[in-house]
Trainee: 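I'd like to ask you about the structure that follows.
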Amino acid sequence: MSPSFNLMDLEELTSNAKKIQEDVLEEILTLNANTEYLHRFLHGSSDKELFKKNVPVVTYDDVKPYIERVANGEPSDVISGGPITMFLRSTGTSGGKQKVFPVNDKYIEKLGYVIALRSLAMSKHFDSGGEQGKAMEFHCTKPPSATPSGLPIFAVFSSFFMSDYFKNRPSKCNSEYTSPDQIILCPDHNQSLYCHLLCGLVQRDEVVRVGAAFAFVLVRAIDFLEKHWKELCSNIRSGHVSEWITDLEGRNAVSTILRGPNPKLADVIEQECSHKSWEGIITRLWPKAKYIDCIITGQMAQYIPMLEFYSNKLPIVSTTYGSSESTFGMNVDPLCKPQDTSYTCAPNISYFEFLPVDHKGDMASIVDLVDVKLGCYYEPVVTNYFGLHRYLIGDILQVTGFYNNTPQFRFVHRKNVVLSVRSETTTEEDILKALNHVGLVLESSDLMLMGFTCYADISIFPGHYVFYWELKAKDVHNVFELDKKVMVKCCSILEESFDEVYRKNRSNDECIGPLEIRVVRQGTFDSVMEYFISQGGSIAQYKTPICINSSEALAVLENKVLARFFSEKSPPLDS
């Protein structure tokens, strides 16, 4: 998928991070110093110290007018010294609104480079036996929209898979996946998902890894398989693809892989899928699979228990950390627990600075990549090649170690993902930790949490936290029954897991009311996903918002509520 790399590339990158970062900044400033945006601060100079002194740290609202001008047809040099050939659209599910960012093919090349490096790290740990195999990965694309001037607006992963860089990759890379490119490029994500599964099942003995961009997509694929396995078995038994698969290129590509009737294989799959429990279904259907490959950090961490259940606790590897603004780095320790995942920064992708979380408005406290301190928390500040200069991403990262001279970071949470009724602030990390504590109660009740979101309801007094949960029985033949004692206990455990400020406010009935769990019908979070996709999102990079602030999405959830439960007592205070 990229030029050949060897281990020295990673070693050289991480050993020479300071010099590489200096070179990257010099290259960016030389390219962009005379843009309208930077000229206000640098007056045509590409001096690095002047850049750090004069160029302000900004958010999206600060640069949005410049981005919109280019989108509306003004020259690229409003903001970028290189040509802007397309825009990337953020998911909009974390911060509450979608953003678009200018890029060109250099972004795709750098993303491909990081993918190559991560593949190298993975092969070092999982390909030691020299066994050849294929990846069953659930990738899909969304056709681009367009700016008023006609430039395409892509979702990040769609931009990669629809690029010439991907299409012209070496033929060897073509054979590494169970699905042909036509399935990835199919614009109908249900047809694409069905065909991914059909191709993966037909080639089950060759599958050595199972993956998707995000954990949510993989969990959805297993749920889709549970609903369609009988039809898939029928296709394999007859050697014909279902008639509802109408995408002609995808249909023809899958028919080539089917290669006629295979009743013996259909019987094997039918036997496995007919079990009372789907525990270990991934390893039962794909017995040579060595690991699960998907982003599992941040809000995706909620899916770890489900993936461990479905895979017999295969290693779950979150390989890459990135965003629409920049790719950051990769996981070079894939055998760590998913909860302990850290990412090693790739210093040649963008210029990275870091603002201490406790900066208290002092922007002078910002530090370079190699000057971060172990254990400290930072907000990453990115300067890229395409017009973002000292841009605050909005993530909170913690430095967990160093690979040679390059820091490694743990993703903590999105800065703007918080619940608050009064003076307390409950972050994404706080919420996920609380859910981990509840997991033991659900497990003993034979239930799985398939999806959740929450919000602070201040429409009544006192305000209180509301969690929407979609639950499912581990036994696929059972319809789960809600036990009030179990659900009330879950409410209490959530509250006990929050910090002292929350618990103190909660002890006063006039400050924060009892936490509420609203159980919704199965399929509700698919409906929420469909709403966000209808607003321009892409299923390939969809993330269920942990804290929801869309009134339309809340209306979808409210329409599906089955039952409501409240904590019955205030959580204990620390002695």
Trainee: Between the side chains of Tyr391 and Thr59, is a donor N or O closer than 3.5 angstrom to an acceptor N or O?
Mentor: no
Trainee: Is it the case that the ring center of Phe101 lies less than 6.0 angstrom away from the ring center of Tyr60?
Mentor: yes
Trainee: Tyr37 ring centre to Arg40 NZ or CZ under 6.0 Å, with the angle to the axis within 45°?
Mentor: yes
Trainee: Establish, from distance only, whether the side-chain atoms of Thr406 and Thr14 form a donor-acceptor pair under 3.5 Å.
Mentor: no
Trainee: Report yes if the side chains of Pro347 and Val24 come closer than 4.5 Å at any heavy-atom pair, otherwise no.
Mentor: no
Trainee: Checking Ser497 now: which residues fulfil side chain to side chain donor-acceptor pair (under 3.5 Å) with it, not counting sequence neighbours?
Mentor: His437
Trainee: Please evaluate residues Lys433 and Glu429 with respect to the criterion salt bridge (charged side-chain N to carboxylate O under 4.0 Å, His left out), reporting the C-alpha separation (whole Å), side-chain torsions for both, the decisive distance (0.1 Å), and the verdict.
Mentor: CA-CA 6 Å; Lys433 284 180 177 178; Glu429 185 180 33; 3.8 Å; yes
Trainee: If you define the side chain from C-beta out and look only at heavy atoms, does anything of Leu397 sit under 4.5 Å from Tyr321?
Mentor: yes
Trainee: Measure the shortest side-chain to side-chain distance between Leu419 and Cys454 over non-hydrogen atoms and say whether it is less than 4.5 angstrom.
Mentor: yes
Trainee: Nearest heavy-atom pair of Val70 and Ser149: which atoms, and what distance?
Mentor: O-OG, 3.8 Å
Trainee: Does Glu137 have any salt bridge (charged side-chain N to carboxylate O under 4.0 Å, His left out) partners at least two apart in sequence or in another chain, and if so, which?
Mentor: Arg209
Trainee: Could you walk me through whether Glu74 and Tyr66 pass the side-chain hydrogen bond (donor to acceptor under 3.5 Å, both in side chains) check?
Mentor: CA-CA 9 Å; Glu74 292 192 44; Tyr66 294 88; over 6 Å; no
Trainee: Return yes if a side-chain donor-acceptor contact under 3.5 Å exists between Asn384 and Glu325, otherwise no.
Mentor: no
Trainee: If we only count heavy atoms from C-beta on, is the His389 to Val63 side-chain gap below 4.5 Å?
Mentor: no
Trainee: If you compare all heavy atoms of Gln302 against all heavy atoms of Pro305, which two are closest, and at what distance to 0.1 Å?
Mentor: O-CD, 3.5 Å
Trainee: For Ser45 and Asp47, does a side-chain donor sit closer than 3.5 Å to a side-chain acceptor?
Mentor: no
Trainee: Could you state the interatomic distance from CE (Met306) to CD1 (Ile316), rounded to the nearest 0.5 Å?
Mentor: 10.5 Å
Trainee: Can you confirm whether the side chains of Thr400 and Gln408 place a donor and an acceptor under 3.5 Å from each other?
Mentor: no
Trainee: Under 3.5 Å, side-chain donor or acceptor atoms of residues 328-339 against the rest of the protein: list the pairs with distances, not counting sequence neighbours.
Mentor:
residue : atom : partner : partner atom : Å
Asn331  : OD1  : Asp333  : N            : 2.8
Asn331  : ND2  : Ser318  : O            : 3.2

Trainee: Looking at side-chain heavy atoms only, is the closest gap between Ile184 and Phe166 below 4.5 Å?
Mentor: yes
Trainee: Tell me every residue that passes side chain to side chain donor-acceptor pair (under 3.5 Å) with Arg118, counting only those two or more places apart in sequence or in another chain.
Mentor: Thr319, Thr320
Trainee: Which pairs with one or both residues in residues 156-166 pass salt bridge (Lys or Arg N to Asp or Glu O under 4.0 Å), sequence neighbours excluded?
Mentor: none
Trainee: Among all residues two or more places apart in sequence or in another chain, which pass the salt bridge (charged side-chain N to carboxylate O under 4.0 Å, His left out) test with Lys19?
Mentor: Asp23
Trainee: Report the residues that fulfil side chain to side chain contact (heavy atoms under 4.5 Å, CB included) with Pro356, sequence neighbours left out, ordered by chain and then residue number.
Mentor: Asp358, Ser365, Tyr378
Trainee: Please round to the nearest 0.5 Å and tell me the distance separating atom OH of Tyr351 and atom CG of Leu369.
Mentor: 9.0 Å
Trainee: Starting at CD1 of Ile20, measure out to CD of Glu22 and round the result to the nearest 0.5 Å.
Mentor: 10.5 Å
Trainee: Ignoring hydrogens and geometry beyond distance, is a side-chain donor-acceptor pair present between Tyr385 and Glu27 at under 3.5 Å?
Mentor: yes
Trainee: What are the two closest non-hydrogen atoms of Ser459 and Asp457, and how far apart are they?
Mentor: OG-OD1, 2.5 Å
Trainee: Start with the C-alpha gap between Phe352 and Leu25, add the side-chain angles, then the distance that decides, and say whether side-chain contact (heavy atoms from CB on, under 4.5 Å) holds.
Mentor: CA-CA 9 Å; Phe352 301 110; Leu25 181 57; over 6 Å; no
Trainee: So, Lys99 and Asp61, do they make that salt bridge, N to O below 4.0 Å?
Mentor: no
Trainee: Mind checking whether Tyr343 and Thr297 have side chains closer than 4.5 Å, heavy atoms only?
Mentor: yes
Trainee: Could you name each residue pair satisfying salt bridge (Lys or Arg N to Asp or Glu O under 4.0 Å) that touches residues 381-391, not counting sequence neighbours?
Mentor: Glu353-Arg390
Trainee: Aromatic contact between Phe154 and Tyr107, with the criterion being ring centroids under 6.0 Å apart: yes or no?
Mentor: no
Trainee: Mind jotting down which residue pairs meet the salt bridge (Lys or Arg N to Asp or Glu O under 4.0 Å) criterion with at least one end in residues 365-376? Sequence neighbours excluded, please.
Mentor: Lys52-Asp368
Trainee: Roughly how far, to the nearest 0.5 Å, is CD1 of Ile296 from CE of Met300?
Mentor: 8.0 Å
Trainee: Please work out whether the ring planes of Phe452 and Phe467 are parallel, tilted or perpendicular, with thresholds of 30° and 60°.
Mentor: parallel
Trainee: Is the closest side-chain donor-acceptor distance between Asp430 and Thr427 under 3.5 Å?
Mentor: yes
Trainee: Mind checking side chain to side chain donor-acceptor pair (under 3.5 Å) for Ser145 and listing every partner two or more places apart, or none if nothing turns up?
Mentor: Arg89
Trainee: Please confirm whether Tyr502 and Tyr465 have ring centers closer than 6.0 angstrom.
Mentor: yes
Trainee: Heavy atoms, side chains only, cut-off 4.5 Å: are Asp105 and Tyr165 in contact?
Mentor: no
Trainee: Kindly write out the residues that satisfy side chain to side chain donor-acceptor pair (under 3.5 Å) with Ser76, not counting sequence neighbours, or none if the list is empty.
Mentor: none
Trainee: For residues 77-86, which residue pairs pass the side chain to side chain donor-acceptor pair (under 3.5 Å) check, not counting sequence neighbours?
Mentor: none
Trainee: To the nearest 0.5 Å, what is the distance between NE2 on His139 and OG1 on Thr141?
Mentor: 11.5 Å
Trainee: Tell me, do Leu432 and Glu428 make a side-chain contact under 4.5 Å, heavy atoms counted?
Mentor: yes
Trainee: For atom CD1 of Ile458, decide whether the heavy atoms of other residues, nucleotides or ligands shown that lie under 6.0 angstrom number more than 12.
Mentor: no
Trainee: Which distance, rounded to the nearest 0.5 Å, do you find between the CG of Leu557 and the CD of Glu552?
Mentor: 12.0 Å
Trainee: Carefully, step by step, assess Glu36 and Arg69 under the rule salt bridge (charged side-chain N to carboxylate O under 4.0 Å, His left out).
Mentor: CA-CA 11 Å; Glu36 180 179 329; Arg69 286 171 58 190; 2.8 Å; yes
Trainee: Could you check Glu500 against Arg506 for salt bridge (charged side-chain N to carboxylate O under 4.0 Å, His left out), going step by step and ending with a plain yes or no?
Mentor: CA-CA 10 Å; Glu500 185 180 5; Arg506 177 69 181 89; over 6 Å; no
Trainee: Report the C-alpha distance between Met529 and Arg220 in whole Å, list the side-chain angles of each, state the deciding distance to 0.1 Å, and finish with yes or no for side-chain contact (heavy atoms from CB on, under 4.5 Å).
Mentor: CA-CA 11 Å; Met529 175 194 70; Arg220 182 175 180 271; 3.6 Å; yes
